[in-house]
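Quick notes on the structure that follows.
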Amino acid sequence: MLRSWVNRKLQMNRQSIIIDCDPGQDDAVNLLLAMASPDELDLLGITTVAGNVPLNLCQRNARLMCDIAGREDMPVYAGCVRPMVRKLITAEYVHGKTGIDGVEIVEPRTPLQDEHAVDFIIDTLLERDPGTITLVPTGPLTNVALAMIKEPTIVERIQQIVLMGGAMREGGNYSPSAEFNIMVDPHAAHVVFDCGRPITAMGLDVTHTVLSTQARIARLRDIGNDAATATANMLDFYQRYDQLKYGTDGGPLHDPCTVAWLLQPELFEGKDCNVAVEISSELTMGNTAVDFWDVTDRPANAHWIHTADADGFYQLLMERLHHYG
Ligand code: BDR
Ligand code: CA
């Protein structure tokens with residue numbers, strides 16, 4: 001009796017999520033973190049989008065993470081091969097040729113679903129009760145925006161969107177003004193930031209504070225299971241680019257800030273702000289104009305996260321990767 005009450009309670013408090021991603025080592029770590037947290041997160045499926053590398057590699061990489069997590073049953077979908085308007089930009093210079101350099105690439109056991117990612121997002125939102133699904137985009141926002149355009153009735157059914165994208169104080173990492181995910185598909189980002197549903201945005205202001213230092217990678221490696229070793233290997237490769245660029249000890253673990261926030265929001269601090277995306281000027285294309293000091297009359301449309309407890313964040317990641325036994 002007590003056990004079934006506890007189970008029911010657990011189910012009730014679990015958040016149903018869809019992760020839309022472009023793995024990318026940091027997307028990959030985010031997937032491992034989410035799949036290691038089944039008590040809190042009901043991961044309904046993983047949708048992939050062209051971004052860090054072309055789509056065929058992103059969907060393959062997501063499936064490889066499901067293999068490593070022992071979740072070959074996880075539905076993985078391929079989505080859009082290019083942004084809505086602009087030509088695709090990829091980031092092999094950061095992530096390597098495969099997108100997840102650092103791990104061994106084999107043909108994944110986890111199958112690719114036939115349905116298009118955009119249709120999976122639409123169908124799932126229409127099937128489930130309104131206000132029960134959180135979207136977690138960690139790549140360009142093409143799939144999410146196209147789902148909203150193809151079936152506008154889904155928008156009000158979205159519980160919230162927790163995304164990695166944008167930059168304010170940090171400036172851009174792709175151009176002086178723009179963060180990579182927003183730069184790749186600024187038009188999609190414009191649609192999403194305009195959608196009217198609650199958005200929590202993890203921009204570079206916060207992700208640049210959660211660095212995968214040598215000491216943290218060593219502790220991850222010490223865990224000793226496949227998922228943790230894959231994480232340490234990927235981060236060893238991934239950090240070299242940002243380390244050189246910024247002169248930091250380690251690289252920023254951008255995308256896992258999304259799932260970490262869902263798991264332990266108390267690790268982060270943010271402020272409700274208006275965020276508008278530049279889609280006209282080529283010079284500042286993809287800039288996220290964050291009205292942090294309320295100097296316009298534009299209403300707040302996002303919770304802009306600016307601060308993280310980096311030690312707490314890595315503690316959470318390590319504790320969850322331990323679950324892979
Ligand atoms: C974002 O761009 C990609 O390179 C990362 O995966 C992350 O989502 C950081 O700007
Ligand atoms: Ca990403």
Side-chain angles (χ1 to χ4, degrees), residues 3-21 27 30-49 62 65-66 69 71 73-77 79 113 115-139 141-165 188-189 191-202 255-268 270 272 275 300-303 305 316 320:
R3 181 186 290 269
S4 71
W5 180 83
V6 171
N7 281 342
R8 251 203 331 275
K9 200 82 190 141
L10 264 177
Q11 293 293 335
M12 272 169 51
N13 292 332
R14 273 174 102 205
Q15 304 183 60
S16 298
I17 67 170
I18 297 172
I19 298 184
D20 185 70
C21 56
D27 302 80
N30 196 40
L31 294 176
L32 293 175
L33 176 61
M35 287 187 276
S37 307
D39 289 347
E40 296 99 336
L41 301 178
D42 181 12
L43 180 54
L44 302 175
I46 299 169
T47 54
T48 56
V49 64
M65 290 307 121
C66 298
R71 290 297 312 273
D73 61 315
M74 180 62 66
V76 177
Y77 302 84
Q113 303 295 314
E115 194 179 9
H116 193 279
V118 169
D119 294 319
F120 171 73
I121 294 171
I122 292 172
D123 292 347
T124 312
L125 281 160
L126 292 179
E127 275 159 21
R128 299 272 174 145
D129 288 341
T132 58
I133 296 180
T134 294
L135 300 182
V136 185
T138 62
L141 288 156
T142 322
N143 287 342
V144 177
L146 278 183
M148 291 174 172
I149 291 168
K150 187 172 181 195
E151 184 48 72
T153 62
I154 64 166
V155 173
E156 63 187 30
R157 302 176 75 91
I158 299 168
Q159 181 178 4
Q160 60 175 337
I161 300 171
V162 183
L163 63 85
M164 191 282 137
V191 169
V192 171
F193 274 102
D194 241 27
C195 79
R197 298 306 298 153
I199 295 177
T200 299
M202 299 287 172
D255 295 339
C257 287
T258 56
V259 165
W261 184 83
L262 285 170
L263 295 172
Q264 286 188 15
E266 64 278 10
L267 293 175
F268 298 90
D272 291 344
V275 179
N301 59 354
H303 190 59
I305 303 290
L316 171 68
R320 295 307 160 107

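- R197 has its side chain within reach of V155: a pair of non-hydrogen atoms, C-beta onward, lies under 4.5 Å apart.
- Side chain of D42 to main chain of R14: no donor-acceptor pair is present (N/O by atom type, distance under 3.5 Å, no hydrogens or angles).
- Applying the side-chain hydrogen bond (donor to acceptor under 3.5 Å, both in side chains) test to residues at least two apart or on different chains, the pairs with a partner in residues 258-267 are N30-T258.
- Not counting sequence neighbours, the partners of D119 by the side-chain hydrogen bond (donor to acceptor under 3.5 Å, both in side chains) test are K150.
- Among residues two or more places apart in sequence or in another chain, the side-chain hydrogen bond (donor to acceptor under 3.5 Å, both in side chains) test is passed with E151 by T153.
- By the 4.5 Å heavy-atom criterion applied to side chains, C66 and V76 are counted as neighbours.
- A pairwise comparison of heavy atoms in A147 and I121 identifies CB-CG2, 4.0 Å as the closest pair.
- A search for salt bridge (charged side-chain N to carboxylate O under 4.0 Å, His left out) contacts involving R71 returns D73, not counting sequence neighbours.
- Atom CD in Q113 sits 4.5 Å away from atom OH in Y77 (nearest 0.5 Å).
- Looking at every heavy atom in both residues, A117 comes nearest to G79 through CB-CA, 3.4 Å.
- Summarising the geometry, atom CD1 belonging to I154 is positioned 7.5 Å from atom CG belonging to L135; distances are rounded to the nearest 0.5 Å.
- Residue F268 comes nearest to A260 through the heavy atom pair CE1-C, 3.8 Å, listed as atom of the first residue, atom of the second, then distance.
- Between the side chains of Q159 and T132, no donor-acceptor pair is found at a separation under 3.5 Å.
- Under the 4.5 Å side-chain criterion, counting only non-hydrogen atoms from C-beta, L263 is in contact with L33.
- Of all non-hydrogen atoms in M74 and I46, the two that sit nearest each other are CG-CD1, 3.7 Å.
- Using a 4.5 Å heavy-atom threshold, the side chains of N301 and I199 count as separate.
- Rounding to the nearest 0.5 Å places CE of M202 at 12.0 Å from OG1 of T138.
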Without placing hydrogens or testing angles, list every side-chain donor-acceptor pair under 3.5 Å for residues 122-131, not counting sequence neighbours.
| unit_1 | atom_1 | unit_2 | atom_2 | d |
| --- | --- | --- | --- | --- |
| T124 | OG1 | F120 | O | 2.5 |

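- The CG atom of L44 sits 8.0 Å away from the CD1 atom of I17 when rounded to the nearest 0.5 Å.
- Annotation: side chain of I133 is in contact with side chain of I18 (closest heavy-atom distance under 4.5 Å).
- Closest heavy-atom contact between L141 and A189: CD1-CA, 3.7 Å.
- C21 is not listed as a side-chain neighbour of D255, based on a closest heavy-atom distance of 4.5 Å or more.
- For D20, the side-chain hydrogen bond (donor to acceptor under 3.5 Å, both in side chains) partners two or more places apart in sequence, or in a different chain, are T47, N143.
- With sequence neighbours left out, D272 forms a side-chain hydrogen bond (donor to acceptor under 3.5 Å, both in side chains) with H303.
- With a 4.5 Å cut-off on side-chain heavy atoms, Q160 and L262 count as touching.
- I158 is not listed as a side-chain neighbour of C195, based on a closest heavy-atom distance of 4.5 Å or more.
- Looking at residues two or more places apart in sequence or on another chain, you find a salt bridge (charged side-chain N to carboxylate O under 4.0 Å, His left out) between R320 and E40.
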